[in-house]
Amino acid sequence: QVQLAESGGGSVQAGDSLTLSCVASGRTFSSLDMGWFRQTPGKEREFVAAINWAGSSTHYADSVRGRFTVSRDSTKNTANLVMTKLEPEDTATYYCAARNSMMTITTTRYYTWWGQGTTVIVSS
């Protein structure tokens with residue numbers, strides 16, 4: 001089992017930046033791909049960004065590419081999502097997810113473990 005705990009959500013203005021963090025425990029961090037997803041009420045959860053087990057490959061949704069950056073710190077068992085140029089459309093609950101490492105990070109499925117979510121609100 002993997003336990004994931006997100007932090008860093010909050011309320012910001014459009015154009016601001018925010019960093020989300022996810023601490024993983026329960027399994028060797030370097031064996032896990034880490035992903036970020038988001039969901040708004042009434043909509044399906046959507047993929048945001050992911051980073052592979054080694055930190056050598058990343059993948060982003062088109063809507064956030066160039067504005068969001070995903071990274072990982074193996075010394076702290078932490079995955080981070082730096083969000084810049086935030087837009088009201090980025091308002092959502094953000095979830096951290098983990099899966100056993102796969103061949104390609106561009107596959108957005110098969111995430112097995114999920115955090116409880118952290119809420120981001122962007123006001124115009």
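The first residue in the sequence is number 1, and the count goes up from there.
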message: Tell me whether V120 shares a hydrophobic cluster with F47, the cluster being built from Ile, Leu, Val, Met, Phe, Trp, Tyr side chains joined at under 4.5 Å.
response: no
statement: Sorted by chain and residue number, the salt bridge (charged side-chain N to carboxylate O under 4.0 Å, His left out) partners of E87 (sequence neighbours excluded) come out as R67
message: Any non-hydrogen side-chain atom of F68 less than 4.5 Å from a side-chain atom of L86?
response: yes
- request: Say whether V12 and V64 are linked into one hydrophobic cluster, either directly or through other cluster members, by side-chain heavy-atom distances under 4.5 angstrom.
  value: yes
- request: Please name all residues satisfying side-chain hydrogen bond (donor to acceptor under 3.5 Å, both in side chains) with S124, sequence neighbours left out, ordered by chain then number.
  value: none
query: Are V2 and L4 close enough that some pair of their side-chain heavy atoms sits under 4.5 Å apart?
result: yes
- prompt: Using a distance-only test with no angle check, is there a side-chain donor-acceptor pair under 3.5 angstrom linking T104 and T106?
  reply: yes
statement: By ring-ring contact (aromatic ring centres under 6.0 Å, His included), Y111 pairs with (sequence neighbours left out) F37
query: Is it true that a side-chain atom of T91 and a backbone atom of V122 form a donor plus acceptor pair closer than 3.5 Å?
result: yes
- prompt: How long is the span from the CD atom in Q13 to the OG atom in S11, to the nearest 0.5 Å?
  reply: 9.0 Å
Whichever hydrophobic residues join I121 through chains of side-chain contacts under 4.5 Å: none
Can you give the donor-acceptor pairs under 3.5 Å from side chains of residues 50-61 to other protein atoms, not counting sequence neighbours?
from: N52; atom 1: OD1; to: G55; atom 2: N; distance (Å): 2.9
from: N52; atom 1: OD1; to: S56; atom 2: N; distance (Å): 2.8
from: N52; atom 1: OD1; to: S57; atom 2: N; distance (Å): 2.9
from: N52; atom 1: ND2; to: S56; atom 2: OG; distance (Å): 3.0
from: Y60; atom 1: OH; to: V70; atom 2: N; distance (Å): 2.9

task: Determine which pairs satisfy salt bridge (charged side-chain N to carboxylate O under 4.0 Å, His left out) with at least one residue from residues 41-51, sequence neighbours left out, and list them in order.
output: R38-E46
Cluster link Y95 to W36, ILVMFWY, side chain under 4.5 Å: no
message: List the residues meeting side-chain contact (heavy atoms from CB on, under 4.5 Å) with Q116, not counting sequence neighbours, and say none if there are none.
response: E6
F29 side chain reached by M34 side chain, heavy atoms, under 4.5 Å: yes
task: Measure the shortest side-chain to side-chain distance between N100 and W113 over non-hydrogen atoms and say whether it is less than 4.5 angstrom.
output: yes
task: Any disulfide bond (SG atoms under 2.5 Å apart) involving residues 17-117? Give me the pairs, sequence neighbours left out, ordered by first then second residue.
output: C22-C96
task: Could I get the full list of salt bridge (charged side-chain N to carboxylate O under 4.0 Å, His left out) partners for R27, not counting sequence neighbours?
output: none
Pairwise side-chain contact, T118 with L20, heavy-atom cut-off 4.5 Å (strictly under): yes
task: Scan for salt bridge (charged side-chain N to carboxylate O under 4.0 Å, His left out) pairs involving residues 91-109, sequence neighbours excluded, and state none if there are none.
output: D33-R99
- prompt: With sequence neighbours excluded, what pairs up with D73 under the side-chain hydrogen bond (donor to acceptor under 3.5 Å, both in side chains) test?
  reply: T75
statement: Correct closest heavy-atom pair for K76 and T78 would be O-OG1, 2.8 Å
- line: Residue pairs meeting salt bridge (charged side-chain N to carboxylate O under 4.0 Å, His left out), one or both in residues 113-124, sequence neighbours left out, come to none
